[in-house]
Every structure is written in structure tokens, then in C-alpha cells.
Engineer: 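Input: one structure, supplied below.
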Amino acid sequence: MRCHLYSQLPPPQNADKFDNIGNDVALFHHMADMHPRPSVVEFTKILGTIVQMKSYATAIYLHTYMESKGITPFIVSLNILMNCYCIVGQMGFAFSVIGKILKWGYKPNVVTLTTLMKGLCANGKMLDAVEIHNNLRAKGFQFDELTYGTLINGLCKNGQTSFAIQMLQKIDGPLVKPNLVMYNIVIDGLCKDGFVIEAHDLCSEMIAQGISPDTVTYSALIYGLYSAGKWSEVSLFMSRIVDQNISIDVCTFNIIVNALCKERMLSEAHAFCDVMIERGLQPDIITYTILMNGYCLIDEVDKARKLFDMMIKRGLVPDVWSYNILIKGYCKTKRVDEAKNLFGDMLLRNLGPNIISCNTLVDGFCKSGRILDAWNFVKEMPYYGRPPDATTYNILLAAYCKIEHLDQTNALFKHLMERVLLYVQGNMDKRSTDVPPSISNCMR
DNA sequence: CTAGGGTTAG
């Protein structure tokens, strides 16, 4: 079976990004053959550029290549290598970089250890990170403010906000002091945990310490206040921001606009966008997506579509999220064919889909009573690079049970159960290999 | 002179 939507896919739009990396790789190879050879600092600069472009595997490869060419790495290039292994989740290799550092006669420095700890925090080894800190601290190793920022963030993101607060209070020494970034992380953590009052108190404490809140602080607090339904406080903040001309960025505006949209206050949301534009800030793709979501929430899909088209006219490239919101809006108002058209549009422009786009459509077909269309679409999904997952089968089963009152002799139901069984078995054999590698690389 | 910490939408 072949799907024509898939065969019409244009070449990947990030092709020139690959070219840039290709240039860097070629330059790196070329430099390795030059006489006299450039210093390791020059090689390291290229590694840094490649890491900036998030091509961690390439950076790892080039460092290995460098070593094979007899170029002695130094502490900075090894720290970059450590960071790459941490980001791709290869913590075993990350630890082996410590061995390399010692082998070449260097000592792991504060950057090495901070990078390693960040990797541990991000890969479910929070306790190991804290333990490394405690052990080395007991031996007199001096960490800096970036280390504590990393650890405090790790604690908050791993559901240990109270521990993070303890750490924040404990580090108040002559060499390392709590700074704005640390406070912002904890304030955000408290807000996300639903402790808005405590977050607000911590903010006051921070101000008392002589640290002024910035746009990140305001973002976290406003997000927390509106999540907790504290609307009078949110509007207090908003009017303070407008009256005192407090400098905030697009991100903070987006949080406010989102809060207004969730409350179905679309005209107020538009008014806030105007304030934003008056202050010289351009609405970005997230602003548009938030507004579109607001219109879909009140079933005004055509207004959402208008915004979508306007956004494209302004030269912004929609992403898979903005498509998904509009697809969901069409499905919700039982205009599934328009949703499917948009889905095809997304495919042709090579901007998706992801599994959520697919499941939204499946759900849309089901909710419109078109279970056969839903089923046919599920069969197409592997050709879009998104084979059905557990959610897909949940949607189908729920819809089926509702419509057919669980007639177990029905052929479609039998077929569906077979597929569910296959899916479960497949996941037992090889977890997380849902996406075939061939077409998954252009998806997000 | 090259390396390490924080915020937003489904």
C-alpha cells in the first residue's frame, strides 16, 4: 500500500542547515591535514559552533576524529564532549570523559562537574548529582553560582522544590550567593507546584535582598497566579506592568494573552496584543497559536483560521502545534474534512505531523460518528511516519464501544482487537521504536 | 580564547 500524500512530500526544508554542518565538518577535516596544523583551540571553536547547531552526534564524531589524527584534546574540548554525551543521554560515555581528562593529565574543573551534574539531573540521576556535590564539597572543592543554578533547577524539575529552597538558603556564603536565576527557578517551581503565595513571598524576599525581578520572574508569577485562578492578582500584575511601563518580553505577553484566552476574554487578549505591538514587540508564532486556541475554545474556528492565514502572510512559518490547534478546532465543530485538508497541507509543506495531529483526527472522525473513516486513517498513519500508539487505540476502542454496544462478533471489532494485541506485543519486544527511522527525521 | 545554570502554547 502506498499513500500519495506521502509520495508528494517535498525535500526536507532544513537541507541548508545540513549544508552548514557539512561545511564545518569539511573545514575540520581540512584543518586536520594542514601543515602546520592549527592549534587545538581552532578545532574547539568549530566544535562549539556545531554544538550551537545542536548536532551533538557530529561533535562527538569530530572529537573522536581529532584524537585519531593525533591532536591532543584539552580541557575545553573535553568539556564540550562531556556536554554532548550528557545531552544525548549517554551518561556512561559522559563518565568516561572524566577518565580521558585524567589520562591526558588534566583535572576536571568546575565546568566539567557542572556539565556532568546537569546531565545526571536531566537523566533521572538527581541523587547522584547531589552526592557528587556533597562528596567534593566535603573535600574542599569550590563550586560556583552556575553549579548551584544547575542543581537547584534539577531539584525543582524532579519534584524536589522544598529541597531546592533549602539549597538556596544554604549557599548564602561569601563566595557563592543566591542570584536572580536561582530565585527564578525556585519561584517557577513553586508556581508550577501550585504554591503561588509562597512564590510571591520568595519574590519579596528576593527584592529585600536587593535583587530586582525580571521578565522571567513576572512570567512565572503570572503563569502561577492564573493557573491558581487568582484573577484579581493577575489583573493587579497586568495593570502594574502597563502603568509602570515595566519592561517585559514577548514570552511574558504570551502568558498574559494565554490567560485571557483561557478565560474566553478574546477582545481583552487582542487589546493586550495591541499593547505589545505599541511597545515595539512583534507577536510571534506562539502569540498567534494562543489566540487561535482561544477562538477554537469558543468554537469560532473561522476566526482562528483567519489568524492562521494572516500569520503565514506575515512570513511566520506555522509549526505542528499551530496546525494541531486548528485541526482540533475543525474536529470539535464536526468539520473533519476541513481538518483532513489541513492535515494534508501540513504534510505537503513538510511541517509535521506528529502523533497528536493524527490522534486528533482519529478522535474527530470518531466523534462525528465516522468510525470507518477513522479506521482507514489509522491504517494510513504509518505512511505519515506516525504509527498508531496506545492513545490511538484507546480513542478507537472508546468510540467503537459507544457506537456498537460491544458487539464482539463484528468483524471490525475483531480486527481492532487483533491490532491492539499486536501493538501490545510489539511494545513488549521493542519499546519506543514506534517510528520508522526513514521518515521520522523531519518530524518533531 | 574556546566550555557549564532559568521562562511560553496542544
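Protein chains get the first letters and strands the later ones, always in sequence-line order, with residue 1 at the start of each. Just so it is clear, the values below take in all heavy atoms, side chains as well, and ignore hydrogens, waters and symmetry mates. Please read these numbers as outputs of a predicted model, since none were measured by experiment.
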Engineer: So if I define the base as every atom that isn't primed, P, OP1 or OP2, how would nucleotides 2-7 of chain B read as a B/S/- string at a heavy-atom cutoff under 4.0 Å?
Structural biologist: BBBBBB
Engineer: Quick check: A/Phe377 with A/Phe343 (ring centres under 6.0 Å apart)?
Structural biologist: yes
Engineer: Using a cut-off of less than 4.0 Å, is there contact between a side-chain N or O of A/Tyr223 and OP1 or OP2 of B/dA9?
Structural biologist: yes
Engineer: How close or far is atom C1' of B/dG10 from atom CD1 of A/Ile285, stated in whole angstroms?
Structural biologist: 13 Å
Engineer: B/dG10 phosphate, OP1 or OP2: any side-chain N/O from A/Lys262 under 4.0 angstrom?
Structural biologist: yes
Engineer: If you draw the axis of the six-membered ring of A/Phe308, does the NZ or CZ of A/Lys313 fall within 45° of it and under 6.0 Å from the ring centre?
Structural biologist: no
Engineer: Round to the nearest Å and state the distance from A/Ile222 atom CD1 to B/dA9 atom P.
Structural biologist: 13 Å
Engineer: If you count the non-hydrogen atoms of other residues, nucleotides and ligands that lie under 6.0 Å from OH in A/Tyr65, is the total more than 12?
Structural biologist: yes
Engineer: Write down the distance between CG (A/Leu361) and P (B/dG10), rounded to a whole number of angstrom.
Structural biologist: 19 Å
Engineer: Counting only heavy atoms and a strict 4.0 angstrom limit, can you tell me which residues of residues 195-202 of chain A come near DNA chain B?
Structural biologist: none
Engineer: Within the 3.5 Å criterion, strictly below it, is a donor on A/Ser322 or A/Thr289 matched to an acceptor on the partner's side chain?
Structural biologist: no
Engineer: Check every strand shown and say whether A/Asn254 touches a base, only sugar-phosphate, or nothing at a heavy-atom separation below 4.0 Å.
Structural biologist: base
Engineer: With the side chain counted from C-beta on, respond yes when A/Thr392 and A/Cys358 share a heavy-atom pair under 4.5 Å apart, and no when they do not.
Structural biologist: no
Engineer: Rounding to a whole Å, what distance do you find between A/Leu316:CG and B/dA9:C1'?
Structural biologist: 15 Å
Engineer: Which residues, if any, of residues 127-138 of chain A bring a heavy atom under 4.0 Å of DNA chain B?
Structural biologist: none
Engineer: Answer yes or no: is there a donor N or O on one side and an acceptor on the other, between the side chain of A/Asn158 and the main chain of A/Gln160, under 3.5 Å?
Structural biologist: no
Engineer: Which residues pass the side-chain hydrogen bond (donor to acceptor under 3.5 Å, both in side chains) test with A/Asn258, sequence neighbours left out?
Structural biologist: A/Tyr226
Engineer: Test your reading of the model: is there a side-chain donor-acceptor pair from A/Asp389 to the backbone of A/Thr391, 3.5 Å cut-off?
Structural biologist: yes
Engineer: Taking any heavy-atom pair under 4.0 Å as a contact, classify A/Asn324: base, sugar-phosphate, or nothing.
Structural biologist: base
Engineer: Please list all pairs passing the ring pair (Phe, Tyr, Trp, His ring centres under 6.0 Å) test where one or both residues lie in residues 86-138 of chain A, with sequence neighbours left out.
Structural biologist: A/Tyr85-A/Phe93, A/His133-A/Phe143, A/His133-A/Tyr148
Engineer: Quick one: salt bridge (charged side-chain N to carboxylate O under 4.0 Å, His left out) partners of A/Lys367, sequence neighbours excluded?
Structural biologist: A/Asp363
Engineer: If you look at every heavy atom in A/Met346 and A/Pro353, which pair is closest and at what distance?
Structural biologist: CE-CB, 3.6 Å
